[in-house]
Amino acid sequence: MSLLEIRDLTASYGVTQALHGVDLSIDAGEIVALMGRNGMGKTTTVKAICRIIASEGTLRLGGTDLHRLPSHRAARLGIGLVPEGRRCFRDLTVSENLVATARPGEWTQARVEELLPKLGQRRDQRAASLSGGEQQMLAIGRALMTNPRLLILDEATEGLAPLVRQEIWQAIAELGHSSGMAILVIDKALREMARIASRAVILERGRSVWSGRMDALDEETARRLIGV
Ligand code: ATP
């Protein structure tokens, strides 16, 4: 059984249906890339998983039907979300930001700083003074501090310099290898996804229209469905 199990998921914004049937599963210790052009439903899928918006269909985490639980903050469901546009408390220090989301488990501040050394170096600085890349690392650190079973990164490297992007992807790949966490990454960078993810699911107009091993994704399909 997969840690995250999604079948025939649908969701709407008012009268506008945004998801028409998404199938997606992730095993513990696996990295899966969710891809597709702009507006195809990637972020909506994430919102449905985190129960930020209502959805219908099968949505299970570790065998538990998330639809049957009252909509909680994602962390309580065991989901660590790194949302689009990195959200941290700007006036708090890096340390304070990390401690603020901490829940008991193996991910402590020390372990987060081991994975993302820059956060250790900047421990006492205000989040507002960090570079874009460092703020993104802090957002990842904050998600890890919740000790999630599922980590979701929504456009985690958008707008960052190539070197910083590399650093972040490297850390995510390490995470995938060293922890039993299931990781869902949303990004348009196909080459980087191919390096870190084992499988991809591609959405088109709110439906999962392709899924398979990353190395089975041919150029023609990628061009047509992702636009690269
Ligand atoms: P992007 O890469 O641009 O973030 P996406 O694949 O994440 O795209 P979504 O943001 O999930 O796409 O959007 C899916 C569809 O739902 C789009 O047609 C979008 O216009 C619509 N949509 C998204 N958010 C809302 C909202 N708050 N209210 C109404 N419609 C929305």
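We count ligands from 1, going down the list as the structure has it; atoms in each ligand are counted the same way. Since this is a predicted model, take the numbers as computed values, not measurements. All values below were derived from every heavy atom in this structure, side-chain atoms included, with hydrogens, water molecules and symmetry-related copies excluded.
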Can you name the closest pair of heavy atoms from [X] and [Y] and give their distance?
X: Ala48; Y: Leu59; value: O-CD2, 3.5 Å
X: Val112; Y: Gly141; value: CG1-CA, 3.7 Å
X: His67; Y: Ser55; value: NE2-OG, 2.7 Å
X: Leu3; Y: Ala28; value: CB-N, 4.0 Å

- Message: Among Leu150, Leu144, Asn147, which residue satisfies the side chain to side chain contact (heavy atoms under 4.5 Å, CB included) criterion with Met181?
- Response: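 Of the listed residues Leu150, Leu144, Asn147, the side chain to side chain contact (heavy atoms under 4.5 Å, CB included) partner of Met181 is Leu144.
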
- Query: Of Val22, Thr58, Thr44, which meets side chain to side chain contact (heavy atoms under 4.5 Å, CB included) against Leu9?
  - Reply: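 Of all the options given, the one that passes is Val22.
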
- Mind checking whether Lys188 contacts ligand 1 via backbone (N, CA, C, O), side chain (CB onward), both or neither, at a 4.0 Å heavy-atom cut-off?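 Lys188 to ligand 1: side-chain contact only, backbone stays beyond 4.0 Å.
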
- Are Ile168 and Leu98 connected in the hydrophobic side-chain network, where two residues link if heavy atoms are under 4.5 Å apart?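 Shared cluster, yes.
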
Please write down residue, atom name and distance for the protein heavy atom closest to [atom].
atom: atom 17 (C) of ligand 1; answer: Gly39 O, 3.4 Å
atom: atom 2 (O) of ligand 1; answer: Lys42 NZ, 3.1 Å
atom: atom 9 (P) of ligand 1; answer: Thr44 OG1, 3.5 Å
atom: atom 10 (O) of ligand 1; answer: Thr43 CB, 3.8 Å
atom: atom 24 (N) of ligand 1; answer: Tyr13 CZ, 3.4 Å

At less than 4.0 angstrom from any non-hydrogen atom of [X], what atoms of ligand 1 do you find?
X: Arg37; result: 6 (O)
X: Glu155; result: 2 (O)
X: Ala18; result: 16 (O)
X: Met40; result: 5 (P), 6 (O), 12 (O)

- Query: From atom 20 (O) of ligand 1, is the closest protein heavy-atom distance below 4.0 Å?
  - Reply: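 Under 4.0 Å from atom 20 (O) of ligand 1, zero protein heavy atoms found.
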
- Task: Indicate whether any N or O donor in one side chain lies under 3.5 Å from an N or O acceptor in the other, for Ser95 and Gln109.
- Result: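 There is such a pair between these side chains.
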
- Task: Check if Gly41 has a non-hydrogen atom at a distance under 4.0 Å from any atom of ligand 1.
- Result: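 Yes, Gly41 has a heavy atom closer than 4.0 Å to ligand 1.
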
